[in-house]
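Numbers restart at 1 for each chain; the letters A, B, ... are given by sequence-line order, proteins then strands.
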2 protein chains.
Amino acid sequence: MTDKLGEALHKLIHSYKGKMKQTAIESGIIVPFAHIRALKCIQHIEDCSATDISKRLGLDKSQVARIIKDLLNDHYIEKKQSPNNHRSQLLNLTEAGIEIMDRVQQVDKITRKKMSETLTTEQIENFISTAETMLKNLNKPTTQD
Amino acid sequence: MTDKLGEALHKLIHSYKGKMKQTAIESGIIVPFAHIRALKCIQHIEDCSATDISKRLGLDKSQVARIIKDLLNDHYIEKKQSPNNHRSQLLNLTEAGIEIMDRVQQVDKITRKKMSETLTTEQIENFISTAETMLKNLNKPTTQD
DNA sequence: AGTTTTTGGTTGACTAAGTCAACCGAGAAT
DNA sequence: ATTCTCGGTTGACTTAGTCAACCAAAAACT
C-alpha cells in the first residue's frame with residue numbers, strides 16, 4: 001500500500017496545479033504558478049527580498065531572479081533600495097499586485113474547497129501535518145550524508 | 001491552517017523529487033523521473049500501450065510518445081506490433097529494463113523509508129487515502145462545468 | 001589601511017515537464 | 001466507398017528547475 005505514495009503524490013499535485021490553473025484562467029489571472037507563489041511571499045513578508053523568497057519556497061535564486069524580473073515588468077511588485085544595505089532589495093506589492101492577490105485568494109479558496117469536499121477539517125489537518133513531517137524527514141541530512 | 005495545503009504539497013513533491021533524483025544518481029540511474037514512472041507502468045501492465053501509460057499517469061500523449069522514444073533508444077523497453085491490431089503497440093521491458101527497475105525499486109524504498117522515518121504505517125496510509133480522495137474530488141466534474 | 005571572503009543578485013545555458021494543435025495511417029462505422 | 005474515430009507522432013511552445021560563472025556591495029581579516 002505505502003508504495004503508492006509516490007504516484008499518489010505526483011498525480012495529486014498534477015491535478016491540483018491543473019485545477020488551480022483552470023480556475024485562475026477563469027478568473028482572468030494569466031500569471032504562472034511559481035509567480036503566484038512568489039507573490040504570496042511578497043504579500044506576507046514586509047520588505048521581502050529575493051533571498052527570502054528563495055528560502056521560503058525552496059527555489060533556486062536564479063529562478064527567483066527571473067520571476068522577480070517578470071513581476072516587475074508586469075507591475076505587480078515594486079523594488080526599492082534598502083537605505084542601510086545597498087545590495088539587498090525590498091520588494092512590495094503594487095496596487096495591481098494587491099488587486100491580483102485578492103483574486104488569487106479566491107481561486108485558492110475555490111480549489112481548496114473542491115479538493116476537500118468530502119473530507120473533514122481534521123483529515124485535512126492530519127494530511128498537512130503528515131506532509132510537513134515527511135518534508136522535514138526528507139530534508140534532514142542522513143548520518144552517512 | 002488548511003490554507004497551507006498548497007504550499008505543503010508543493011514543497012513536499014519538490015523535496016521528494018529531489019531526494020529521489022539524488023538517490024537514483026547515487027545508484028547510477030540517470031533516467032529522468034517521468035521516464036521511470038513510465039517504466040513502472042510498462043512493468044506492471046503486460047503488453048502496455050502508450051495510451052495505457054497516458055491514462056494511468058495522466059500525461060499528455062505527446063509527452064508519452066517522446067518518453068517511449070527515449071526508452072526505446074536506451075533499450076530499456078521493446079515494442080512489438082499487436083498481431084490483431086496494427087496501430088496499437090505492445091511495450092515490454094527488455095533485460096536492461098528489468099535490471100534498471102530492480103534498482104529503481106531500491107531507490108524507491110530508500111526514499112520512502114527516509115520520508116516516513118518518524119511516521120506510523122497508519123499515518124502513511126491515511127495520508128495516501130486522503131491524497132487519493134482529494135485527487136478524485138479534483139477530477140470530479142463540477143455541476144457548473 | 002588593503003585584501004580576501006561572503007553575500008545578494010543576475011545571466012547563460014541547459015534539462016525536464018507539460019500543453020496544444022496539426023497531422024498520419026489503420027480500423028470501424030455509416 | 002467515404003467518413004469518423006483511434007493510437008500515435010511531431011512541431012512549437014511555455015513553465016520549471018538546475019548549475020556554474022559572474023558582479024558589485026559589504027563584512028571580515030590580518
Side-chain angles (χ1 to χ4, degrees), chain A residues 9-11 13-22 24-25 29-39 42 45 47-74 77 79-91, chain B residues 9-11 13-22 24-25 29-39 42 45 47-74 77 79-91:
Chain A
L9 259 180
H10 207 110
K11 282 192 204 155
I13 33 98
H14 190 265
S15 287
Y16 170 67
K17 271 192 180 178
K19 189 72 190 172
M20 276 288 282
K21 192 180 169 190
Q22 182 206 321
I25 286 171
I29 301 172
I30 34 79
V31 185
F33 208 82
H35 292 56
I36 290 177
R37 293 216 297 149
L39 281 170
I42 297 167
I45 303 174
D47 288 337
C48 183
S49 74
T51 310
D52 289 336
I53 298 175
S54 173
K55 281 192 183 138
R56 180 128 159 182
L57 302 184
L59 300 179
D60 191 82
K61 55 183 183 159
S62 64
Q63 213 181 331
V64 173
R66 282 181 252 262
I67 290 173
I68 289 175
K69 197 164 54 173
D70 288 346
L71 294 177
L72 283 170
N73 277 340
D74 295 345
I77 61 175
K79 183 200 286 200
K80 56 178 180 206
Q81 285 307 319
S82 165
N84 40 347
N85 186 335
H86 215 257
R87 54 192 171 166
S88 91
Q89 59 202 2
L90 310 180
L91 303 172
Chain B
L9 260 181
H10 207 109
K11 281 191 207 161
I13 34 98
H14 190 267
S15 287
Y16 170 67
K17 273 193 181 178
K19 189 73 190 168
M20 276 288 283
K21 193 181 170 188
Q22 182 206 320
I25 286 171
I29 301 172
I30 36 78
V31 186
F33 207 84
H35 292 56
I36 290 178
R37 294 217 296 148
L39 280 171
I42 297 167
I45 303 175
D47 288 338
C48 183
S49 73
T51 311
D52 289 335
I53 299 175
S54 173
K55 280 190 183 139
R56 182 126 157 186
L57 302 184
L59 301 178
D60 191 81
K61 56 182 182 160
S62 64
Q63 215 181 328
V64 174
R66 280 181 255 263
I67 290 173
I68 289 175
K69 197 165 52 174
D70 288 345
L71 295 177
L72 285 170
N73 277 340
D74 294 344
I77 61 174
K79 184 200 285 201
K80 57 177 182 208
Q81 285 305 319
S82 166
N84 41 349
N85 186 334
H86 215 254
R87 57 192 168 166
S88 92
Q89 57 200 3
L90 311 180
L91 303 172

K.L.:
On DNA chain D, compare the nucleotides closest to B:G18 and A:K21; which residue's is nearer the 5' end?
P.N.:
A:K21

K.L.:
Return the polar atom pairs (N/O with N/O) between nucleotides 4-7 of chain C and the protein under 3.5 Å, or none.
P.N.:
unit_1, atom_1, unit_2, atom_2, d
C:dT7, O2, A:R87, NH1, 2.6

K.L.:
Whole angstroms only, please: what is the NZ-P distance between B:K17 and C:dA16?
P.N.:
12 Å

K.L.:
Go through residues 53-65 of chain A and report each residue with a non-hydrogen atom lying under 4.0 Å from DNA chain C, sorted by number.
P.N.:
A:K61, A:S62, A:A65

K.L.:
Go nucleotide by nucleotide along DNA chain C from the 5' end; which of A:I13 and A:Q89 gets its closest nucleotide reached first?
P.N.:
A:Q89

K.L.:
Kindly list each side-chain donor-acceptor pair under 3.5 angstrom involving residues 51-59 of chain B, sequence neighbours excluded, with atom names and distances?
P.N.:
unit_1, atom_1, unit_2, atom_2, d
B:D52, OD2, B:S49, N, 3.0
B:D52, OD2, B:S49, OG, 3.2
B:S54, OG, B:L59, O, 2.7

K.L.:
Take the protein atom NE2 of A:H14 and the nucleotide atom C1' of C:dG18, then report the distance between them rounded to whole Å.
P.N.:
7 Å

K.L.:
Can you tell me the distance, in whole Å, between the CG atom of A:L9 and the P atom of C:dA17?
P.N.:
16 Å

K.L.:
Starting at SG of A:C48, measure out to CD of A:Q89 and round the result to the nearest 0.5 Å.
P.N.:
9.0 Å

K.L.:
When rounded to the nearest 0.5 angstrom, what is the spacing between OG in B:S15 and CE in B:M20?
P.N.:
13.5 Å

K.L.:
Taking ring-ring contact (aromatic ring centres under 6.0 Å, His included) as the definition, give me every residue that meets it alongside B:H10, ordered by chain and number, with sequence neighbours left out.
P.N.:
A:F33

K.L.:
Starting at CD1 of B:I30 and ending at P of C:dA16, how long is that distance when rounded to a whole Å?
P.N.:
9 Å

K.L.:
Respond yes when some side-chain nitrogen or oxygen of A:K79 is under 4.0 Å from OP1 or OP2 of C:dG8, and no when none is.
P.N.:
no

K.L.:
Check every nucleotide of DNA chain D for an atom under 4.0 Å from a heavy-atom of chain A, then give the first and the last such nucleotide from 5' to 3'.
P.N.:
D:dT15 to D:dA26

K.L.:
What's the spacing between A:L91 CG and A:L39 CG if we round to 0.5 Å?
P.N.:
10.5 Å

K.L.:
Specify the separation, in whole Å, of atom CG of B:D70 and atom C1' of C:dG18.
P.N.:
15 Å

K.L.:
CG of A:L71 versus P of C:dT10: gap in Å, rounded?
P.N.:
12 Å

K.L.:
A:L91 has an atom CG; how far is it from atom C1' of C:dT10, in whole Å?
P.N.:
14 Å

K.L.:
Anything under 3.5 Å between a donor and an acceptor, one on a side chain of residues 60-72 of chain A, the other on a protein residue two or more places apart or in another chain? List them.
P.N.:
unit_1, atom_1, unit_2, atom_2, d
A:D60, OD2, A:S62, N, 3.0
A:D60, OD2, A:S62, OG, 2.5
A:D70, OD2, A:H35, NE2, 2.8

K.L.:
Enter the distance from A:I13:CD1 to B:L9:CG here, rounded to the nearest 0.5 Å.
P.N.:
8.0 Å

K.L.:
Just how far, in rounded Å, is C1' of C:dT10 from CZ of A:R66?
P.N.:
8 Å

